Undergrad: 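Pasting a structure below so you can have a look.
Chain identifiers are assigned alphabetically (A, B, ...) following the order of the sequence lines, protein sequences preceding nucleic acid strands; residue numbering begins at 1 within each chain. All values derive from a computational prediction rather than experimental measurement.
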Amino acid sequence: MVWDLLLDNAAIKAWAIASLVVALKTLASGVYTSAIRIRKGVFASPEDYRSQGLEPKSGVDDDVDRSRRIHLNDLEAGVPFALVGFIYALTQPSTLGVWICFAGFPIGRILHMITYARGMMPARTIAWSIGFVITVWMAVSSLYSLL
Amino acid sequence: MVWDLLLDNAAIKAWAIASLVVALKTLASGVYTSAIRIRKGVFASPEDYRSQGLEPKSGVDDDVDRSRRIHLNDLEAGVPFALVGFIYALTQPSTLGVWICFAGFPIGRILHMITYARGMMPARTIAWSIGFVITVWMAVSSLYSLL
Amino acid sequence: MVWDLLLDNAAIKAWAIASLVVALKTLASGVYTSAIRIRKGVFASPEDYRSQGLEPKSGVDDDVDRSRRIHLNDLEAGVPFALVGFIYALTQPSTLGVWICFAGFPIGRILHMITYARGMMPARTIAWSIGFVITVWMAVSSLYSLL
């Protein structure tokens, strides 16, 4: 079967595992934001305050806002990675390239989360750059194969 | 042809239909935000006010902000679903699993939109949880197949 | 090999090239935001100010905010396009349809970025509509093929 063959391909399989890790990490960022909201009693909608038995209030909370930024950054980095990575995996990449890209990206994103949550600069920029360079490299390499 | 065979696979076909529904629903959230902006005369850019013959003003509108949150939540939930669901569909899932996941997620997301727009809590949290549990389950099930 | 055959398909290849361009353009929006932040000295996190040797300050900057909106709009439009486009490419679309959709979307998005950055209305709405109509059309056409 075709789908069986697709996952028999080592590059597609590596892409799939990396993408699952990145997707679970993105979902975890959302849950983390909800946990901070409940712990600090800061919500986005008035009905959320009522459901917690609190008075609605306005204003932002630094920790909630930081967690929101981490979550949004997961989407901003993860969407291009998953899309470009799938195409890259279809272009018969080298085994070394597959390992560097599909192991490197999840590691870079987890380091990004840790350094962002702890406010570590410039470590956060370096961690973010790992995923960025990998995605741009895969995109350029794939375009070169396709054109 | 390969692409023909891919869609001949029942799991991939179910994923495709669910993903199209989720994508159209996400686009609809964006159009809904624009409709509220025009009706209430609240925009993000000064040129939008000018194009509507209005004076630029600042500040947020609760309805616009709520619609924005629904739209962003569509992306936060829909991106992991579409990505994880594609991989899950490639792992020879059971027919029951395919039905539950690919019918359940769009239904959960539509219930989320309705309950969020109407400010219904905790109904919104329950609706959101449907999609979340399905996505996490597909991710864990796929990782188990792949590792 | 299966992955080889997938990219041998003209529609999948056109989808891949269009998606790579859209992904690179989305990444460029993020880099552009960072460049504006550094030039104007306006950041989201206090540690970013410290790493630049600046005092943390609050408040928003119009140019940073505009660039953030362009970036978010890239995700809001690009995610449905890449997902729907992949499914559309699997449904044996006509050569004309493939050309219009996979050349038209990247062109529409680049026009959207230019008109948004320059505050050109209603040109921005027209540019945005190109991508929107293409994505909705591909989704409806794909659903028709699948159901």
Side-chain angles (χ1 to χ4, degrees), chain A residues 1-13 15 60 62 65-66 68-70 72-73 75-93 115-125 128-129 131-133 135-136 138-147, chain C residues 1-10 12-31 33-34 37-38 43-54 56 58-60 68 70-83 85-86 89-90 102:
Chain A
M1 288 295 191
V2 169
W3 29 274
D4 199 21
L5 291 176
L6 254 186
L7 283 182
D8 276 352
N9 177 253
I12 291 288
K13 191 171 169 177
W15 166 79
V60 288
D62 282 345
D65 209 44
R66 178 175 294 267
R68 298 277 318 138
R69 293 199 300 273
I70 293 174
L72 189 56
N73 198 282
L75 286 176
E76 290 170 352
V79 165
F81 165 76
L83 177 61
V84 171
F86 178 62
I87 297 165
Y88 172 71
L90 294 171
T91 60
Q92 311 184 39
T115 51
Y116 208 153
R118 299 191 174 192
M120 294 160 70
M121 279 291 282
R124 188 188 92 214
T125 298
W128 177 87
S129 302
F132 180 80
V133 168
T135 306
V136 170
M138 289 194 301
V140 172
S141 166
S142 300
L143 276 176
Y144 184 81
S145 298
L146 286 166
L147 296 176
Chain C
M1 289 296 190
V2 168
W3 29 273
D4 200 20
L5 291 176
L6 255 185
L7 282 182
D8 275 352
N9 178 252
I12 292 286
K13 191 171 169 177
W15 166 79
I17 294 168
S19 294
L20 291 171
V21 171
V22 169
L24 285 171
K25 187 240 166 284
T26 301
L27 291 172
S29 296
V31 171
T33 303
S34 297
R37 285 193 183 283
I38 290 168
F43 299 97
S45 304
E47 68 268 21
D48 296 8
Y49 285 102
R50 284 196 292 271
S51 76
Q52 299 280 331
L54 297 168
S58 63
V60 289
R68 298 275 320 138
I70 293 174
H71 193 181
L72 189 56
N73 198 283
D74 281 346
L75 285 177
E76 290 169 353
V79 165
F81 165 76
L83 177 61
F86 178 62
L90 294 171
F102 295 134

Undergrad: Dump the intermediate steps for side chain to side chain contact (heavy atoms under 4.5 Å, CB included) on C:Tyr49 and A:Met121, then the final yes or no.
TA: CA-CA 10 Å; C:Tyr49 285 102; A:Met121 279 291 282; over 6 Å; no
Undergrad: Measure distances from A:Phe132 to the heavy atoms of chain C and classify the residue's part below 4.5 Å as side chain, backbone, both or neither.
TA: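 Just its side chain gets close to chain C.
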Undergrad: Counting heavy-atom pairs under 4.5 Å with chain C, which one of A:Leu147, A:Leu143, A:Val140 comes out on top?
TA: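 So the answer, after comparing A:Leu147, A:Leu143, A:Val140, is A:Leu143.
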Undergrad: Can you tell which part of A:Leu83 gets under 4.5 Å to a heavy atom of chain C, answering side chain, backbone, both or neither?
TA: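 When you check distances to chain C, only side chain atoms of A:Leu83 fall under 4.5 Å.
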Undergrad: Does any heavy atom of chain C fall under 4.5 Å from the side chain of A:Tyr116, the backbone, both, or neither of them?
TA: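 Both backbone and side chain of A:Tyr116 come within 4.5 Å of chain C.
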Undergrad: Does some side-chain heavy atom of C:Val79 sit less than 4.5 Å from a side-chain heavy atom of A:Leu75?
TA: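 Side-chain contact under 4.5 Å: no.
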Undergrad: Output the distance between atom CD1 (A:Ile87) and atom CD1 (C:Ile17), rounded to the nearest 0.5 Å.
TA: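 So the CD1 of A:Ile87 and the CD1 of C:Ile17 are separated by 9.5 Å.
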Undergrad: A:Arg124 and C:Ser45: which non-hydrogen atoms are nearest, and at how many Å?
TA: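 Nearest heavy atoms, A:Arg124 then C:Ser45: NH1-OG, 4.0 Å.
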Undergrad: If I measure from the heavy atoms of chain A, does C:Val22 come under 4.5 Å with its side chain, its backbone, both, or neither?
TA: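 For C:Val22, neither part sits under 4.5 Å from chain A.
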Undergrad: Under 4.5 Å, counting heavy-atom pairs only, tell me which of C:Leu24, C:Leu27, C:Thr26 racks up the most with chain A.
TA: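 Of C:Leu24, C:Leu27, C:Thr26, C:Leu27 has the most heavy-atom pairs under 4.5 Å with chain A.
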Undergrad: Relative to chain A, which segment of C:Ser19 carries a heavy atom at a distance below 4.5 Å: side chain, backbone, both, or neither?
TA: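 Contact with chain A is through both the backbone and side chain of C:Ser19.
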Undergrad: How long is the gap from OG1 on A:Thr125 to CD on C:Glu47, to the nearest 0.5 Å?
TA: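 These two atoms lie 9.0 Å from each other.
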Undergrad: With side chains defined as the heavy atoms from C-beta onward, is the minimum distance between A:Leu72 and C:Arg68 less than 4.5 Å?
TA: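 Answer yes - side chains close enough.
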Undergrad: Do you know which of C:Ala44, C:Ala23, C:Ser34 has the most heavy-atom pairs under 4.5 Å to chain A?
TA: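 Result: the option with the highest number of such pairs is C:Ala44.
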